[in-house]
K.L.:
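If you scroll down you'll find the structure; I have some questions about it.
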There are 2 protein chains.
Amino acid sequence: MFANSLNVRPLFEETSPAREQCSLGALFDRSQLEHATAGQIVFFEGDRALHVFAIREGNLRICRQLHDGRRVITGFLTKSDIVGVSFKNRYLYSAEALDDVVFQRQTKMAFEKQLLARPDLRPVLLSQLCDEVAAAQDQMVLLSCKSAEERLCSFLLGRLRKSMAHGCQTNVINLPMTRLDIADYLGLTIETVSRTVTKLAGQGILSAGRRHEILVLKKSGLVERAGEDLAADDGLDTPGYYHH
Amino acid sequence: MFANSLNVRPLFEETSPAREQCSLGALFDRSQLEHATAGQIVFFEGDRALHVFAIREGNLRICRQLHDGRRVITGFLTKSDIVGVSFKNRYLYSAEALDDVVFQRQTKMAFEKQLLARPDLRPVLLSQLCDEVAAAQDQMVLLSCKSAEERLCSFLLGRLRKSMAHGCQTNVINLPMTRLDIADYLGLTIETVSRTVTKLAGQGILSAGRRHEILVLKKSGLVERAGEDLAADDGLDTPGYYHH
DNA sequence: CGCCCTATTGATAAACTTCAAGTTATGTGG
DNA sequence: CCACATAACTTGAAGTTTATCAATAGGGCG
């Protein structure tokens, strides 16, 4: 969803050539495709931040570590997201493959240069950054005051909405990450995540099918339990703003 | 510190005319000064987001509410910060005065227009957004896996560093907010904040003087207890990036 | 001086974590 | 294709941290 950096969700759904032109992904067209498999690390927290990456296939987790080994996942990225954009010398987080990932890279310099050549993409960059800040705030609300059940329901709803926004009309939630990843994302332990899933399944809200899939039986049950905020879903994009 | 929106901390310390030109605050020069007193709300979560604000004096808290009344403070803003920049139709948070606040406002439209006239400020805007995302991630780490003591120490250290960056060379931390505000910012209760302050005072780390001031006796004690990240303080700004 | 708001302190309870054991997938090599 | 090994997940019991409830103390302002 986000990361310090942006993760570009293009304004349009799919990456047909015409639409691709309007997303930041277009800036990577000339870069060669690279691959990573589950567990591989694309870049490490603390590495010199020389490149910006565009994800073409697969899923990544964005992690930060405390010195004693505690881990926080600040976001999950997927196809068409961009990662690594920031003003810092070093990456503030590492990016690790959850599954088979295909991506492209560019040096920051080249990325910046390309961006200058495409002033129409400037508002896209700003918009992506604003979305990222908004997502980070949602996560702060979640971590700050939601219960385990609320956190899990919010998370599942978020994934469901995202997949629906991308065109999938099922009620199957795809979870490319492990329970431990979910726990580290939600500020819980793996045991609490597991127990909460079991509880929701017992209440007929969902059904845990295969390991990386959850079937939603009562979306309304998830919504009720997610403890969303006051202003939720009220904030539509303002198309004109910054867009010229 | 941050908010969904940006809160501009200008690259230079004070607002001498020459330096002011290089910060986004310059875009508000023609706006009239407005005032708010402690507890007054500059704008509400859910309001139509028509304006962008520049803070000239005083302190604000940035709040979000869940439907059942739980409150999260996602940041504190102060002199020279800017708030309200985003791509959304409605504010995703409310901004409330902690003390006597002086601010200026502009319509989003005018702000955007001014920005077009000052392309040199574009990288400043981007940089501020990146900083805001970075700060939000730090807060996610704090909320996700730090203990009450670590949270409080991180918070106090952050305030201390900020005031030192602004030129103050004391070890007195100014806290314009109440304990409840601190609690809502750190994802704790007021009682836990109070107990933790007492505990740290007992260990000779700090001394709680007047209500809105804390005296730091052993900064190293705070650092040890803050549980900072791996990559902390390693990421210096890359001055050239995006700056033309 | 006294009131009200804020903060502190104490006792109890709840939620979640931790530790431990057991179960189910997954994938690999025979 | 099946058996086995390993990792991922689930479930249970005990332990901690922090929240909650309740009472008290301190500060600022009329």
Side-chain angles (χ1 to χ4, degrees), chain A residues 37-39 61 66 68-73 96 98-100 142-153 155-156 173-203 206-214 225 227, chain B residues 37-39 61 66 68-73 98-100 142-153 155-156 173 175-203 206-214 225 227:
Chain A
T37 58
R61 59 175 175 245
L66 295 184
D68 62 357
R70 282 174 289 183
R71 186 183 75 155
V72 180
I73 293 181
E96 311 177 10
L98 290 173
D99 45 23
D100 288 335
L142 180 146
L143 294 170
S144 202
C145 66
K146 287 189 181 177
S147 69
E149 188 177 277
E150 290 170 327
R151 291 179 199 202
L152 190 72
C153 291
F155 170 67
L156 293 176
I173 300 175
N174 189 246
L175 300 173
M177 69 293 290
T178 67
R179 294 284 192 271
L180 181 58
D181 292 327
I182 297 173
D184 286 347
Y185 180 62
L186 298 179
L188 301 169
T189 59
I190 181 175
E191 292 94 334
T192 300
V193 170
S194 187
R195 276 186 252 272
T196 307
V197 169
T198 304
K199 192 169 101 189
L200 291 171
Q203 296 172 347
L206 51 78
S207 164
R210 259 171 300 170
R211 190 162 285 186
H212 292 291
E213 276 178 8
I214 278 185
R225 277 155 237 254
Chain B
T37 57
R61 59 175 174 244
L66 295 184
D68 61 356
R70 281 174 289 182
R71 186 183 74 156
V72 181
I73 293 182
L98 290 173
D99 46 23
D100 289 335
L142 180 146
L143 294 169
S144 201
C145 67
K146 287 188 182 179
S147 69
E149 188 177 278
E150 289 170 327
R151 291 180 198 203
L152 191 72
C153 291
F155 171 67
L156 293 175
I173 300 175
L175 300 173
M177 68 293 290
T178 66
R179 294 283 192 270
L180 181 59
D181 292 328
I182 297 173
D184 286 348
Y185 181 60
L186 298 180
L188 300 169
T189 59
I190 182 175
E191 293 94 335
T192 300
V193 171
S194 189
R195 277 187 251 273
T196 308
V197 169
T198 304
K199 191 167 103 190
L200 291 170
Q203 297 172 346
L206 51 78
S207 163
R210 261 170 299 171
R211 190 163 287 186
H212 291 292
E213 277 178 7
I214 279 185
R225 279 155 235 257

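Residue numbering restarts at 1 for every chain, and letters A, B, ... go by the order of the sequence lines. Keep in mind that this is a model prediction, so the values were computed, not measured.
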K.L.:
Looking at A:Leu98, A:Ile214, A:Asp181, which one forms a side chain to side chain contact (heavy atoms under 4.5 Å, CB included) with A:Leu175?
P.N.:
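Of the listed residues A:Leu98, A:Ile214, A:Asp181, the side chain to side chain contact (heavy atoms under 4.5 Å, CB included) partner of A:Leu175 is A:Ile214.
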
K.L.:
Heavy atoms under 4.0 Å is the rule here; annotate nucleotides 19-30 of chain D 5' to 3' with B where the base is hit, S where only the sugar-phosphate is, and - elsewhere.
P.N.:
SBB----BS---

K.L.:
For DNA chain C, note the earliest and the latest nucleotide, 5' to 3', having some atom under 4.0 Å of a heavy atom belonging to chain B.
P.N.:
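Range of nucleotides within reach of chain B: C:dT6 to C:dA11.
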
K.L.:
Without decimals, in angstroms, what is the distance between A:Ile190 CD1 and D:dG12 C1'?
P.N.:
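Going from CD1 in A:Ile190 over to C1' in D:dG12 covers 15 Å.
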
K.L.:
Note the angle between the end axes of the helix from C:dC1-D:dG30 to C:dG30-D:dC1, five pairs defining each, rounded to 10 degrees.
P.N.:
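It works out to 40° between the end axes.
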
K.L.:
Describe the nucleic acid contact of A:Ser194 in one word from base, sugar-phosphate, nothing, applying a heavy-atom distance below 4.0 Å.
P.N.:
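Result for A:Ser194 = base.
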
K.L.:
Once rounded to the nearest 0.5 Å, what's the spacing between atom OG1 of A:Thr196 and atom CD of A:Glu149?
P.N.:
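Nearest 0.5 Å value for the OG1-CD distance: 7.0 Å.
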
K.L.:
Output the distance between atom CG (B:Leu152) and atom OG1 (B:Thr192), rounded to the nearest 0.5 Å.
P.N.:
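Going from CG on B:Leu152 over to OG1 on B:Thr192, the span is 10.5 Å.
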
K.L.:
Taking the side chain as everything from C-beta on, heavy atoms only, tell me whether A:Glu213 gets closer than 4.5 Å to A:Ile173.
P.N.:
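With C-beta onward as the side chain, the pair stays apart.
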
K.L.:
Output the distance between atom CG (B:Leu186) and atom CG (B:Leu156), rounded to the nearest 0.5 Å.
P.N.:
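CG of B:Leu156 is found 8.5 Å from CG of B:Leu186.
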
K.L.:
With a 4.5 Å heavy-atom cut-off, do B:Arg71 and B:Ile73 have their side chains touching?
P.N.:
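They are in contact (side-chain heavy atoms under 4.5 Å apart), so the answer is yes.
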
K.L.:
Start with the C-alpha gap between A:Leu188 and A:Ile182, add the side-chain angles, then the distance that decides, and say whether side-chain contact (heavy atoms from CB on, under 4.5 Å) holds.
P.N.:
CA-CA 8 Å; A:Leu188 301 169; A:Ile182 297 173; over 6 Å; no

K.L.:
With the side chain counted from C-beta on, respond yes when B:Leu143 and A:Leu142 share a heavy-atom pair under 4.5 Å apart, and no when they do not.
P.N.:
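They are not in side-chain contact.
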
K.L.:
Taking the side chain as every heavy atom from C-beta outward, state whether A:Leu200 and A:Gln203 have any atom pair closer than 4.5 Å.
P.N.:
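Heavy-atom side-chain distance check passes, below 4.5 Å.
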
K.L.:
For the residue pair A:Arg211 and A:Arg179, what are the closest heavy atoms and their distance?
P.N.:
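For A:Arg211 versus A:Arg179, the nearest heavy atoms are O-NH1, 3.7 Å.
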
